[in-house]
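Data block below; observations after.
Sequence lines set the chain letters: A, B, ... in the order given, protein chains first and strands last, and positions in each chain run from 1.
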Number of protein chains: 4
Amino acid sequence: MVDGPPRRADAQRNRARILDAAEAVFAEFGTRASTEEVARRAGVAIGTVFRHFPTKDDLLAAIMKRLLAKLVEEATERDLFAFFRHVVAQAAAKKAAVDLLAGSGVDVRIPDAVEHLRDAVGRLLAQAQDDGVITASVRLPEVMALLASLCQGALHGGWDDHLQARTLAVVFAGLKGC
Amino acid sequence: MVDGPPRRADAQRNRARILDAAEAVFAEFGTRASTEEVARRAGVAIGTVFRHFPTKDDLLAAIMKRLLAKLVEEATERDLFAFFRHVVAQAAAKKAAVDLLAGSGVDVRIPDAVEHLRDAVGRLLAQAQDDGVITASVRLPEVMALLASLCQGALHGGWDDHLQARTLAVVFAGLKGC
Amino acid sequence: MVDGPPRRADAQRNRARILDAAEAVFAEFGTRASTEEVARRAGVAIGTVFRHFPTKDDLLAAIMKRLLAKLVEEATERDLFAFFRHVVAQAAAKKAAVDLLAGSGVDVRIPDAVEHLRDAVGRLLAQAQDDGVITASVRLPEVMALLASLCQGALHGGWDDHLQARTLAVVFAGLKGC
Amino acid sequence: MVDGPPRRADAQRNRARILDAAEAVFAEFGTRASTEEVARRAGVAIGTVFRHFPTKDDLLAAIMKRLLAKLVEEATERDLFAFFRHVVAQAAAKKAAVDLLAGSGVDVRIPDAVEHLRDAVGRLLAQAQDDGVITASVRLPEVMALLASLCQGALHGGWDDHLQARTLAVVFAGLKGC
DNA sequence: TATGAATGAGAATTCATTCAT
DNA sequence: GATGAATGAATTCTCATTCAT
């Protein structure tokens with residue numbers, strides 16, 4: 001009932017509007033922003049938000065799921081380096097997502113979505129190693145760890161483009177293995 | 001009156017107990033933990049916490065200051081690689097500190113303490129470059145960015161020792177410049 | 001959403017009950033009385049009070065507005081002397097209102113309502129001067145000043161009917177100009 | 001122990017400084033100002049204030065007593081009209097005193113001091129009636145009521161000199177009985 | 001289903017008062 | 001006597017969640 005998409009057209013529309021609003025609000029103010037603010041931004045009543053997402057954590061989980069799915073999609077269109085650049089670049093705009101990936105007290109369980117992203121990155125890594133641009137000794141876990149770390153850093157560090165490029169350059173050099 | 005350390009011995013003791021309690025509580029639950037909980041853990045009344053630190057942010061700032069000062073001290077006893085390892089290793093236990101370094105909505109201004117840490121790391125970097133173990137093209141900003149990123153990653157990613165070692169290995173390879 | 005009166009019937013009823021309770025509570029204990037006490041007297045939860053009046057000052061302002069509006073209404077049904085008598089007579093029962101008219105630290109901005117009262121009294125004054133029962137040299141500002149002063153005095157002085165009559169008699173004699 | 005002046009010279013000095021500070025602080029911020037602020041202004045520790053005045057109300061009562069005594073003194077040097085002018089003129093600067101005369105929730109019992117003031121004003125009234133400048137039908141209670149009312153009005157109404165003069169003129173005309 | 005009002009458990013902060021130093 | 005740290009009840013305000021309309 002909660003997971004599956006609602007039947008009625010207006011309900012589906014509301015669900016989408018709520019997700020969009022939530023993404024925007026939590027991106028701007030972090031997960032501390034109130035659900036009321038999300039409702040306001042979505043143009044629906046607070047009750048509607050809670051009907052679609054019984055708890056705030058459910059709403060946050062839904063955002064994450066959607067965001068991760070988008071990342072998976074984007075991963076298929078780039079090589080590993082470009083993907084890193086892309087993800088890190090938009091990390092700062094996704095306060096909520098990064099907070100969530102980070103934990104930040106909220107209890108959000110979305111193992112599947114994370115798993116899918118891991119798979120996608122795994123494919124990029126394999127490709128890069130096939131191409132010889134990443135050393136063979138590197139494994140997926142540390143690549144994921146680096147990706148997550150850099151997102152956090154980018155988000156909270158307020159990096160400008162230049163700093164981001166230089167920081168990624170160090171990590172890329174490390175991945176290439178010299 | 002409020003800024004300097006208190007004169008009386010019992011007040012100093014309480015101040016320290018509050019800081020210790022706050023560090024523990026915020027480390028465990030993040031900055032969302034209540035000041036009341038800190039007071040409870042410190043074994044003092046809530047008013048005592050607010051007498052020492054007029055706002056919650058002041059308390060958080062004090063924790064950060066102390067932690068950064070300790071890091072500066074620790075930086076002098078290690079080379080850059082060992083320092084990275086050390087800091088990242090204990091990052092996971094310092095939820096609050098990392099949250100704060102991260103921003104997380106709380107308004108905590110401690111520019112001096114951060115500056116001192118930057119200086120200390122700068123010295124380690126210079127030394128490492130003198131020793132030829134880090135490539136000359138690397139600059140302090142990206143080193144700080146990497147350090148902060150890895151702390152975040154370690155904190156929120158729940159890395160085990162092995163993953164941490166492998167992740168740092170990639171970054172260290174990048175710093176060495178191959 | 002917050003400003004206008006609520007749409008739903010039950011909300012309107014609650015709003016009125018809260019205003020009534022607040023008027024009673026603040027009349028009895030002054031503006032220092034707690035919002036919690038108002039909620040209790042109104043038979044609603046504390047959150048409901050704050051939903052209707054986001055800050056305590058908003059609640060106080062709303063009371064004042066309502067009271068001043070009632071005064072304006074009452075001004076139209078009496079001559080200036082009767083109006084003075086009437087207002088001063090009930091002043092003692094309106095601790096909060098008088099406190100507020102008085103300032104008392106609370107920040108309550110209701111210029112319009114005050115302006116309307118001033119207009120109403122201005123009309124009474126003009127009428128009285130037309131009728132020749134008040135000397136022509138008297139102006140509105142001092143009439144308002146006297147009215148406010150007497151309210152304060154009546155409130156805090158604990159006047160009985162007799163003292164009130166005698167005090168007003170002096171002021172009325174002054175207004176008549178002998 | 002509490003009422004009588006303390007024996008030791010420094011204690012007497014402290015008592016006076018505390019009273020001065022309290023008068024200034026409460027005049028500026030009203031009776032809501034904290035006792036801590038009074039201590040700060042007096043340059044003593046909070047404990048010293050409470051040693052001299054076991055409760056805040058005791059402190060307020062002491063201020064009132066002193067102020068009323070001064071008024072009594074001043075009453076002997078003027079005629080009734082000048083005294084009214086004088087008292088009303090400085091009312092605005094004596095927020096606390098007026099608040100207290102007013103009641104404002106604080107429990108301050110100083111019947112003697114008020115009685116003395118009443119006596120002094122009684123003498124002025126008798127003199128004025130002897131001189132034929134105030135009509136014989138006016139009695140002391142309404143004169144006191146008018147004085148108190150006008151102080152409140154002046155304090156909270158923010159009267160300028162002109163408005164004050166015009167307002168007093170009406171009351172004086174009433175007292176003269178035309 | 002949607003609405004939005006009501007609930008009530010916290011959370012931060014203040015301050016009169018007490019008491020150890 | 002003076003100091004100033006500690007206490008803790010009280011207060012304002014927030015917000016996730018429930019439920020009547």
Side-chain angles (χ1 to χ4, degrees), chain A residues 6-8 10-11 14 32-40 43-59, chain B residues 1 6-15 18 32-39 43-59, chain C residues 1 6-15 18 32-37 39 43-59, chain D residues 6-12 14-15 32-40 43-59:
Chain A
R7 316 287 144 74
R8 276 169 50 176
D10 56 343
N14 271 346
R32 277 162 122 106
S34 76
T35 314
E36 188 76 46
E37 178 61 31
V38 171
R40 193 152 35 237
V44 302
I46 182 70
T48 304
V49 175
F50 276 92
R51 163 163 279 268
H52 283 279
F53 307 95
T55 70
K56 192 182 181 181
D57 281 0
D58 290 331
L59 176 55
Chain B
M1 285 288 144
R7 316 288 144 75
R8 270 165 53 174
D10 55 344
Q12 273 184 48
R13 214 178 312 123
N14 268 344
R15 199 191 132 94
I18 290 168
R32 278 161 121 108
S34 78
T35 313
E36 187 76 47
E37 178 60 32
V38 171
V44 301
I46 181 71
T48 302
V49 177
F50 278 95
R51 158 167 272 266
H52 284 279
F53 308 96
T55 69
K56 190 182 181 181
D57 280 2
D58 289 333
L59 176 55
Chain C
M1 285 288 143
R7 315 290 144 73
R8 270 165 53 172
D10 56 344
Q12 273 183 49
R13 213 177 314 123
N14 269 345
R15 199 191 131 95
I18 291 168
R32 278 162 121 108
S34 78
T35 312
E36 187 75 47
E37 177 62 32
V44 301
I46 181 72
T48 303
V49 177
F50 279 96
R51 159 169 271 266
H52 284 278
F53 308 96
T55 69
K56 190 181 181 180
D57 280 3
D58 288 332
L59 176 55
Chain D
R7 313 289 144 74
R8 275 168 50 175
D10 58 341
Q12 272 185 51
N14 271 346
R15 199 190 134 91
R32 276 162 122 106
S34 75
T35 313
E36 188 75 48
E37 178 61 33
V38 171
R40 193 152 36 237
V44 302
I46 181 71
T48 304
V49 176
F50 276 92
R51 161 163 279 270
H52 283 280
F53 308 96
T55 71
K56 192 182 183 179
D57 281 0
D58 291 331
L59 175 56

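Checking F:dA16, F:dA5, E:dA6 against every side-chain atom of B:D10, the shortest atom distance belongs to F:dA5. For C:F50, counting side-chain heavy atoms from C-beta on, the closest listed nucleotide (F:dA16, F:dT12, E:dT13) is F:dT12. Closest contact between the side chain of C:N14 and the listed nucleotides E:dA12, E:dT3, E:dA5 involves E:dA5. Ranking F:dT17, F:dT3, E:dA16 by closeness to the D:T35 side chain, first place goes to E:dA16. Set against E:dC15, E:dT13, F:dA6, the side chain of B:I46 has E:dT13 as its closest nucleotide.
The minimum heavy-atom distance between B:I18 and B:F53, with the atom names listed, is CG2-CE1, 3.7 Å. Here the shortest heavy-atom pairing between C:H52 and C:N14 reads NE2-CB, 4.1 Å. For B:V49 against B:A39, the heavy-atom pair with the smallest separation is CG2-CB, 3.7 Å. Nearest heavy atom pair, residue C:T35 against residue C:F50, reads CG2-CE1, 3.6 Å.
Atom C1' of nucleotide E:dA20 and atom CZ of B:R13 are separated by 11 Å, given to the nearest angstrom. In this entry the distance linking CD of A:E36 with P of E:dA5 reads 9 Å, nearest Å. The separation between D:E37 atom CD and E:dA16 atom P is 11 Å, rounded to whole Å. With rounding to whole Å, D:R15 atom CZ is found 12 Å from F:dA2 atom P. For B:R51 and E:dA16, the CZ to P distance is 13 Å, given to the nearest whole Å. The nearest whole Å value for the distance from the CD atom in D:Q12 to the P atom in F:dG1 is 10 Å. Atoms NZ (A:K56) and C1' (F:dC15) sit 8 Å apart, rounded to a whole Å. In this structure, the CZ atom of B:F53 is 15 Å from the P atom of E:dA12, given to the nearest Å.
Atom NZ of C:K56 sits about 9.5 Å away from atom CZ of C:R32, to the nearest 0.5 Å.
The pairing partner recorded for E:dA12 is F:dT11, the criterion being a Watson-Crick or G-U wobble arrangement whose two distances lie under 3.5 angstrom. Across all strands shown, E:dG4 pairs with F:dC19; the Watson-Crick or G-U wobble distances both stay below 3.5 Å.
Comparing C:V49 and B:G47 against DNA chain E, the residue whose closest nucleotide sits nearer the 5' end is C:V49. Where D:T55 and A:G43 meet DNA chain E, the nucleotide closest to each residue was compared, and A:G43 sits on the side nearer the 5' end.
Applying the 4.0 Å criterion to OP1 and OP2 of E:dT7, one finds that C:T48 has a side-chain N or O inside that range. In this structure, C:H52 reaches the E:dA6 phosphate: one of its side-chain N or O atoms is under 4.0 Å from OP1 or OP2.
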